[in-house]
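In what follows, every heavy atom counts, from backbone to side chain, and hydrogens, waters and symmetry copies are set aside.
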Amino acid sequence: LFATLYDSAILTETKGTYSMRDKIFVGESGRFDWTSVGLSKDSVYFDITAPYFFKATRPEFKVEQGYITYWGRTPGKVAGMLEFKSVPHRSDVDAVWPRFTSYENNIRSAGLANPKLSFTGGFSMQGRKVSSSSLNSGMSTLELDGEAGKRFVVQSRSFDLQDSLIVAKQGNLMIFHESDTLSHPSVDFRYYLSEERVELSKTKSHLKDAPYASTYFDVDFSSDQIRWDLENDSLNFYTAGGVSQSPMVIESVDHFDYDDFFLLGGVGVTFHPLRLVAAYVQRFGVNTFNVGDLVQAYKKDYNEVRKAMDFLSSKGMVLYDPMNGTVTVKPKAVHVVNSYNEKSDYDNLKLHSVIQGAPNASVSFSKGEMLVRGVEEVDVSDSLNFNIKPDSGIITILRNRDIKFNGIITAGKFEMLGKDFTFKYDSFLIDLKHIDSIRFYVTEKNARGRAVRKRVNNALVSADSTAAVA
């Protein structure tokens with residue numbers, strides 16, 4: 001019996017030897033339960049399978065080998081380590097001892113509130129709280145199934161598995177959209193089980209500003225918070241408000257900008273990180289490798305290369321695991337380098353959303369649409385002088401960057417005003433369902449001899465058509 005002002009814990013079915021001189025008990029076998037934090041002795045207990053010892057003058061001990069059983073939560077016995085320490089705590093709910101940590105991270109947990117949820121990973125307890133820590137520090141995986149397949153997968157080294165809430169820190173997220181995905185390498189994840197609601201927010205890691213990637217819409221985008229109503233299948237994206245509100249930036253996967261390329265050169269390294277990884281991909285024909293491979297192939301400093309991979313991962317150009325040094329180069333990284341070298345076609349499709357109160361963007365999985373609010377203008381192609389000015393600041397992005405909108409199109413010397421316009425990305429055609437007017441512009445020289453764009457004083461009204469941008 002361990003009895004203090006704060007706890008009363010019992011170790012049963014044990015035997016051993018006690019040293020009167022050293023006041024040390026050396027024992028073998030036995031069973032320890034969680035009654036000290038209000039759980040019944042038959043529901044949660046740890047069976048000791050190896051010798052252990054503790055000093056009788058201290059209400060604490062550690063057992064390196066044994067098995068925990070938590071009926072309804074573990075698949076039978078789980079091997080791991082037990083620790084106990086008697087310290088002050090306000091209530092059974094606040095207690096952080098006893099503690100258990102599994103050796104491995106391959107335990108399939110039971111007892112989750114949603115039967116469509118599955119969790120495989122580490123199993124640990126601090127007091128009565130269940131989490132996913134393991135002694136091998138491996139990743140744990142939470143999956144939610146739907147009617148037509150998986151809805152999301154989250155991988156993290158740290159899950160907090162409560163009865164009504166599941167929390168993951170710095171989780172690798174993948175949301176499924178038909179055969180495509182919406183992903184992020186590191187988000188803070190909260191799943192409110194009773195409300196069937198998921199919230200995603202920025203982490204405090206170096207990946208906090210890394211973009212989300214949607215293979216359905218073929219865009220990357222920034223977002224401070226995402227709220228997902230699982231029952232209504234709607235995903236809402238928000239940026240932080242305030243006077244200095246940052247816009248939500250949505251960018252085509254084939255976007256290229258010379259200024260962005262030079263910014264991807266990084267700071268504090270003696271080489272251009274993006275060029276280095278693109279060169280490796282093209283030289284060896286692989287997009288996944290280790291940091292050590294880059295160091296060996298190009299004779300670079302190991303720590304400098306690690307720093308460069310951290311930087312590229314924060315920009316969404318690579319996936320990088322600093323624990324094992326694995327680098328996976330995204331297609332966009334190679335595209336940017338090829339575009340700079342004039343070996344690849346690219347676009348200028350990039351838009352900014354700034355709005356107060358309402359979500360910056362909302363995705364409907366069933367409709368296959370991303371409704372974006374607070375958009376002043378969309379520059380599609382600088383070389384073609386092609387841009388969109390939507391009515392009420394609203395556009396709808398469809399699969400593969402097609403865009404629906406009402407408003408004004410500027411394309412070369414023409415300006416078209418109307419409704420139900422659809423820009424087709426692959427063909428660069430615009431389906432003009434209802435044109436209110438077409439205005440014409442000419443280029444003239446002003447008094448200073450500079451070329452200026454001047455509107456012609458006539459217009460074509462009430463037309464329907466399909467126009468080619470190029």
Holding to side chain to side chain contact (heavy atoms under 4.5 Å, CB included), I want the full list of residues that pass it with [X], two or more places apart in sequence or in another chain.
X	value
Asp345	none
Asp220	Pro211, Ala213, Val253, Lys332
Val295	Val291, Tyr302, Val305
Asn303	Asp301, Arg306

(request) Check Asp180, Asp218, Thr215 against Arg399 for a side chain to side chain donor-acceptor pair (under 3.5 Å) and give me the one that passes. (result)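 Of Asp180, Asp218, Thr215, side chain to side chain donor-acceptor pair (under 3.5 Å) with Arg399 is met by Asp180 alone.
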Mind checking what makes side-chain hydrogen bond (donor to acceptor under 3.5 Å, both in side chains) contact with [X], not counting sequence neighbours?
X	answer
Glu143	Lys150
Asp209	Lys202
Ser205	Thr203

Are the side chains of [X] and [Y] in touch, meaning some heavy atoms are under 4.5 Å apart?
X	Y	answer
Leu349	Arg401	yes
Ile408	Met416	no
Phe237	Ser362	no

(message) Just to verify, what does Tyr280 make a ring-ring contact (aromatic ring centres under 6.0 Å, His included) with, not counting sequence neighbours?
(response)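 Testing Tyr280 for ring-ring contact (aromatic ring centres under 6.0 Å, His included), a comparison that skips the adjacent residues, returns Phe284, Phe289.
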(message) Tell me every residue that passes ring-ring contact (aromatic ring centres under 6.0 Å, His included) with Tyr320, counting only those two or more places apart in sequence or in another chain.
(response)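 Residues passing ring-ring contact (aromatic ring centres under 6.0 Å, His included) with Tyr320: none at all.
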Under 3.5 Å donor-acceptor pairs involving side-chain atoms of residues 120-129, not counting sequence neighbours:
unit_1, atom_1, unit_2, atom_2, d
Ser124, OG, Ser131, O, 3.2
Ser124, OG, Ser131, OG, 2.7
Ser124, OG, Ser133, N, 3.1
Arg128, NH1, Val37, O, 2.9

(message) Tell me if the aromatic rings of Phe176 and Phe152 count as close, with their centers under 6.0 Å from one another.
(response)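 They do not qualify: ring centres at least 6.0 Å apart.
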(message) What I want to find out is whether Asp436 reaches Lys419 closely enough, with some N-O distance under 4.0 Å, to be called a salt bridge.
(response)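 Salt bridge: yes.
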(request) Any pair with a residue in residues 192-220 that passes ring pair (Phe, Tyr, Trp, His ring centres under 6.0 Å), sequence neighbours left out, goes on the list, sorted by first then second residue, please. (result)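 Non-adjacent pairs meeting ring pair (Phe, Tyr, Trp, His ring centres under 6.0 Å): His177-Tyr216, His177-Phe217, His184-Tyr212, Tyr212-Phe221.
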Please set out all donor-acceptor pairs under 3.5 angstrom arising from side-chain atoms of residues 262-276, sequence neighbours excluded.
unit_1, atom_1, unit_2, atom_2, d
Thr270, OG1, Glu304, OE1, 3.4
Thr270, OG1, Glu304, OE2, 2.9
His272, ND1, Leu274, N, 3.3
His272, ND1, Arg275, N, 3.4
His272, NE2, Phe261, O, 3.1

(message) I'd like to know if the side chain of Asn290 reaches the main chain of Asp293, judged simply by a donor and an acceptor atom lying under 3.5 Å from each other, with no hydrogens or angles considered.
(response)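 It does not hold such a pair.
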